[in-house]
**Q** 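Below you will find the structure I want to go over with you.
All of these numbers come straight from a predicted model, not from anything done at the bench. Each chain gets a letter, A, B and so on, in the order the sequences are listed, and its residues count up from 1.
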Number of protein chains: 2
Amino acid sequence: MDLAPARGAATIEEVAARAGVSRSTVSRVVNGSTAVSPSALDAVRRAIDELQYVPNRAARSLASRQTRAIALVIPEQTDRFFGDPFFASIVAGIGEVIGESDYIMNMLIASDDASAKALGYLRSGSVDGAIVASHHTSDTFLDRVADVVPVVYGGRPARIRADDYYVDVDNVEGGRLATDYLLERGHRRIATISGPPDMPAGIDRLKGFRAAMADAGVTPAAVENGDFTESGGASAMTRILAAGERPDALFVASDLMARGAYEVLREKGLEPGRDIAVIGFDDSAVSTAVSPALTTVRQPSLTQGRHMASVLLDILAGRPAVHATILPTEVIERASA
Amino acid sequence: MDLAPARGAATIEEVAARAGVSRSTVSRVVNGSTAVSPSALDAVRRAIDELQYVPNRAARSLASRQTRAIALVIPEQTDRFFGDPFFASIVAGIGEVIGESDYIMNMLIASDDASAKALGYLRSGSVDGAIVASHHTSDTFLDRVADVVPVVYGGRPARIRADDYYVDVDNVEGGRLATDYLLERGHRRIATISGPPDMPAGIDRLKGFRAAMADAGVTPAAVENGDFTESGGASAMTRILAAGERPDALFVASDLMARGAYEVLREKGLEPGRDIAVIGFDDSAVSTAVSPALTTVRQPSLTQGRHMASVLLDILAGRPAVHATILPTEVIERASA
DNA sequence: CTGAAAGCGCTAACAG
DNA sequence: CTGTTAGCGCTTTCAG
């Protein structure tokens with residue numbers, strides 16, 4: 001705030017003057033062009049250093065028509081975003097890959113009330129592309145983003161369009177695996193706490209559950225939907241228990257909801273893993289934090305995040321990119337089922 | 001991607017042409033100037049609508065020398081950021097206030113390996129100001145941010161400079177309150193699991209602990225530092241128990257660490273709240289999620305977040321802003337102490 | 001109330 | 001290898 005190029009950073013012009021070259025030459029070294037003589041390169045580097053020069057991003061993007069920035073859009077309320085370990089993994093995976101690129105990533109929490117602003121931002125040419133971390137069928141504003149910049153979705157979009165890009169886990173298969181696991185162990189009064197009916201992940205896991213049950217000729221004991229939160233899982237559990245005949249096994253579409261179910265079960269004097277088999281979905285940190293440790297369907301969220309980022313980078317680089325990537329799931333056996 | 005202004009959004013020029021006015025007039029309506037005739041205003045609005053015009057942010061910021069964006073910098077590893085409910089509250093508070101302004105907020109996770117990139121971003125004129133959500137003494141790169149844009153720190157900066165702005169909770173007082181609470185209930189063999197020694201919040205809470213103990217003429221049974229994570233709390237607890245005489249009370253500098261301590265205590269057959277009094281710090285969601293519910297020191301994180309955002313908005317608007325805001329803490333009595 | 005003109009700081013052909 | 005010349009899309013005086 002004192003020495004250095006005063007307040008109001010140095011410009012390329014000043015660097016050029018100090019190095020005794022033209023703006024173009026400075027621009028070349030900044031952008032790593034090889035066509036610069038060693039002496040010029042040296043002079044420019046020194047000047048940049050002395051002036052603490054950092055190119056102005058707005059000017060750069062205006063001239064080059066690209067921003068070297070991507071947005072990570074989170075269409076969720078803040079508390080759900082932070083409350084679910086799933087997002088932590090996704091973000092970590094994305095951050096890892098973007099971190100190695102020369103793009104900067106900025107996260108936008110686009111909860112309902114902030115979606116208009118987020119949309120405006122994305123449409124104003126502020127980023128070269130976007131990753132949308134989760135998806136509700138009600139997120140219509142997202143469609144308008146894809147009209148302006150390349151978008152990669154986390155999870156199958158509610159309405160797939162031919163040129164969409166997305167990375168998903170095989171939720172249908174995961175739901176089926178979980179259900180088969182329960183079926184194989186002789187359970188027949190199987191209930192499920194499903195995900196929200198407005199999210200593809202929720203819909204697909206339930207679909208897998210239903211398919212497995214149908215294949216086995218077994219009728220579901222109960223189907224209640226939660227919203228992927230702990231409290232949502234708890235109230236779904238309460239409803240199931242209130243409904244009548246107690247199930248002997250339970251497929252819960254997310255670990256967090258399973259934790260909520262655990263609590264309700266215990267309140268009713270039912271011990272998970274002993275009185276009722278419970279299998280979750282995610283294999284997030286909560287599955288080992290609860291007791292008994294939760295048997296669950298593992299979904300590779302970190303990998304999913306990495307893939308999303310790679311696909312976007314491919315698109316931006318003009319490389320051929322895969323439209324649909326589906327990652328496998330597997331049952332992780334622990335103590336609850 | 002088809003109709004509308006093709007790919008490559010409409011420009012102000014096109015809007016002006018369509019509305020039959022000059023660029024200046026379009027600019028005026030976009031920026032809400034009153035000096036526009038009703039008829040022109042109407043024509044421009046219609047044109048904007050038809051063309052789906054959104055001003056280019058780069059061009060705008062280049063010309064106006066402001067970005068209408070602020071950065072929320074998180075100098076933490078991704079897993080700690082997501083793992084600690086403290087950040088959820090801070091972000092929610094900030095988001096709330098920024099959401100009502102016409103600034104857009106972008107979150108930057110500036111973990112060690114990403115800090116150079118983040119710094120470059122902040123210095124490239126991409127934002128008008130920044131909020132730094134937490135602070136380690138090792139975060140020297142942050143000092144260089146403050147040289148370029150106004151910064152508001154969450155928590156007292158490690159080295160305060162005269163013109164710094166920050167919003168903190170009274171950590172020293174909080175540590176003292178917690179300790180006094182234990183002392184007043186007759187405990188004398190009091191240990192503490194402190195925060196990381198490189199974070200002001202950790203340092204200050206420990207300082208309060210020490211001051212209260214000294215005032216009471218009692219020597220601490222043990223002082224072990226954790227790192228504000230659950231596992232850090234667990235290993236600190238293990239060390240305390242291994243060290244010798246078992247304490248009868250424990251002040252843990254964060255709820256999350258207290259949860260870790262709970263586990264270790266139980267493994268050793270010690271029941272929190274019965275065999276050993278435990279008081280935490282934060283009053284985050286985990287304090288009621290654990291059993292027995294954790295007596296803790298409440299810090300108003302949501303409020304802190306709101307304040308941080310307000311201060312930054314004040315600065316940016318050229319309004320007088322408060323340099324240091326210190327928020328009060330209070331003990332919330334529950335079952336563990 | 002409105003248009004013309006002059007940049008903001010940078011990149012990108014285009015000559016040399 | 002290097003400088004010159006045009007803009008990128010917008011805001012902002014300054015006249016009128």
**Q** Measure the angle between the two terminal helix axes of the helix from C/dC1-D/dG16 to C/dG16-D/dC1, five base pairs each, and quote it to 10°.
**A** 30°
**Q** Quickly, which of B/V132, B/I315, B/L313 forms a side chain to side chain contact (heavy atoms under 4.5 Å, CB included) with B/V152? Name it, please.
**A** B/I315
**Q** Would you classify A/V30 as touching base, sugar-phosphate or nothing, given that sugar-phosphate means primed atoms plus P, OP1 and OP2, and contacts are heavy atoms under 4.0 Å?
**A** nothing
**Q** Please tell me which of A/L62 and A/Q66 maps to the more 5' nucleotide of DNA chain C, matching each residue to the nucleotide holding its nearest heavy atom.
**A** A/L62
**Q** Could you please name the option among D/dG3, D/dC1, D/dT11 that lies closest to any side-chain atom of A/S37?
**A** D/dC1
**Q** Is any side-chain heavy atom of B/V91 less than 4.5 Å from a side-chain heavy atom of A/F81?
**A** no
**Q** With nearest nucleotide decided by heavy atoms, which residue, A/S27 or B/V36, maps closer to the 5′ end of DNA chain C?
**A** B/V36
**Q** Does A/N31 put a side-chain nitrogen or oxygen below 4.0 Å from OP1 or OP2 of C/dT11?
**A** yes
**Q** Taking any heavy-atom pair under 4.0 Å as a contact, classify B/A40: base, sugar-phosphate, or nothing.
**A** sugar-phosphate
**Q** State, with a plain yes or no, whether a side-chain heavy atom of B/N56 is found less than 4.5 Å away from one of B/T11.
**A** no
**Q** Within the 4.0 Å heavy-atom criterion, would you say B/S24 contacts the bases, only the backbone, or no part of the nucleic acid?
**A** base
**Q** Could you tell me how far apart A/R60 (CZ) and D/dG9 (P) are, to the nearest whole angstrom?
**A** 18 Å
**Q** Closer than 4.0 Å, any side-chain N/O of A/S64 to the OP1 or OP2 of D/dC8?
**A** no
